[in-house]
Amino acid sequence: AWFEKAVARAPTDPLALLGRGLARLERGDGPGADKDFAAAGGSPSGIPPFIALQVHLRRGELRIRQRHVTQALLDFEQAVSLSPDSAGAHYGRGRALFELGRIEEAEPEVVRALEGGHARALLCLAGIRLRQGRLDDARALLRDAAQRPELREAAERLLGTRELAL
């Protein structure tokens, strides 16, 4: 409700639009979120770099969820160009490349995200190791991920799959 009021007061404010887009994304309103993200990033030269980075990261996440992975990759590429040290941007690019089956390109991106402290990169790197046939490495990464409360459920679910069961 707060972001709705903020957008009503300032319909072109990129921060208000970004916030409303995030709220819509949380509610499952992908088309509304996409519209707000597009409006927030509509004039890239006139918005602060941090907001532009967030627009590309969030729109990329939305596009991954919608299975529009090629478009997501473009957003994550923009995010990396805006902030080359962003672990989130490298994770997004790596995840999109992974989803596109471009494993060799995805690996260094995901490793860089992991080195930058992006926790979910552990799960993605485990997926890369699995596709490479390196099952022991994938299991070890998932056991590490299971030690993190925010990743425990996903890691344990993956460890329980037939492919990784011991």
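These numbers were taken from a predicted model, which means no experiment stands behind them.
- Remark: D75 CG to R59 CZ distance equals 4.5 Å, nearest 0.5 Å.
- With values rounded to the nearest 0.5 angstrom, I128 atom CD1 is found 10.0 Å from L141 atom CG.
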Residues L82, F50; criterion side-chain contact (heavy atoms from CB on, under 4.5 Å); working and verdict: CA-CA 8 Å; L82 287 166; F50 173 76; over 6 Å; no
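- With R24 contributing its side chain and G32 its backbone, the two residues share a donor-acceptor pair below 3.5 Å.
- When the shell of 6.0 Å around CD of E153 is examined, it contains 12 or fewer heavy atoms from other residues, nucleotides or ligands.
- Between G88 and H118, the closest heavy-atom pair is CA-CD2, 3.6 Å.
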Working for salt bridge (Lys or Arg N to Asp or Glu O under 4.0 Å), residues E107 and R129: CA-CA 9 Å; E107 185 175 12; R129 296 294 181 253; 2.5 Å; yes
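- A33 and L25 make their closest contact through CB-N, 3.8 Å (heavy atoms, listed as atom of the first residue, atom of the second, distance).
- Using a 4.0 Å cut-off between charged nitrogen and carboxylate oxygen, R93 and E105 do not count as a salt-bridge pair.
- R131 approaches F98 most closely through the heavy-atom pair NH1-O, 3.1 Å.
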Pair F37-L22, side-chain contact (heavy atoms from CB on, under 4.5 Å): steps then yes or no: CA-CA 8 Å; F37 294 153; L22 289 170; 4.1 Å; yes
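- Between the CZ atom of R63 and the CG atom of L73 there is a distance of 11.5 Å, given to the nearest 0.5 Å.
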Chi angles and distances behind the side-chain contact (heavy atoms from CB on, under 4.5 Å) call for R120, Y91: CA-CA 8 Å; R120 292 196 66 79; Y91 169 73; 3.9 Å; yes
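- Listed for the T161 side chain is a donor-acceptor partner under 3.5 Å among the backbone atoms of L158.
- In terms of heavy-atom proximity, A145 sits nearest to L151 at O-CB, 3.4 Å.
- Separating the CG atom in L142 from the CD atom in E156 is a distance of 10.5 Å, to the nearest 0.5 Å.
- For the pair R112 and E109, the salt-bridge criterion is not met [side-chain N within less than 4.0 Å of a carboxylate O].
- L122 and D144 make their closest contact through CD1-C, 4.4 Å (heavy atoms, listed as atom of the first residue, atom of the second, distance).
- The distance from the CZ atom of R152 to the CZ atom of R148 is 11.5 Å, given to the nearest 0.5 Å.
- Annotation for C124 and R95: closest pair SG-CA, 4.1 Å, computed over non-hydrogen atoms.
- In this structure, CD1 on I51 lies 10.0 Å from CG on L17, to the nearest 0.5 angstrom.
- Using a 4.5 Å cut-off on side-chain heavy atoms (C-beta onward), L57 and L53 make contact.
- With a 4.5 Å cut-off on side-chain heavy atoms, R139 and L135 count as touching.
- H90 places a side-chain N or O within donor-acceptor distance of the main-chain N or O of P84, the cut-off being under 3.5 Å.
- Contact annotation: the side chain of E99 approaches that of R67 to within less than 4.5 Å [non-hydrogen atoms, C-beta and beyond].
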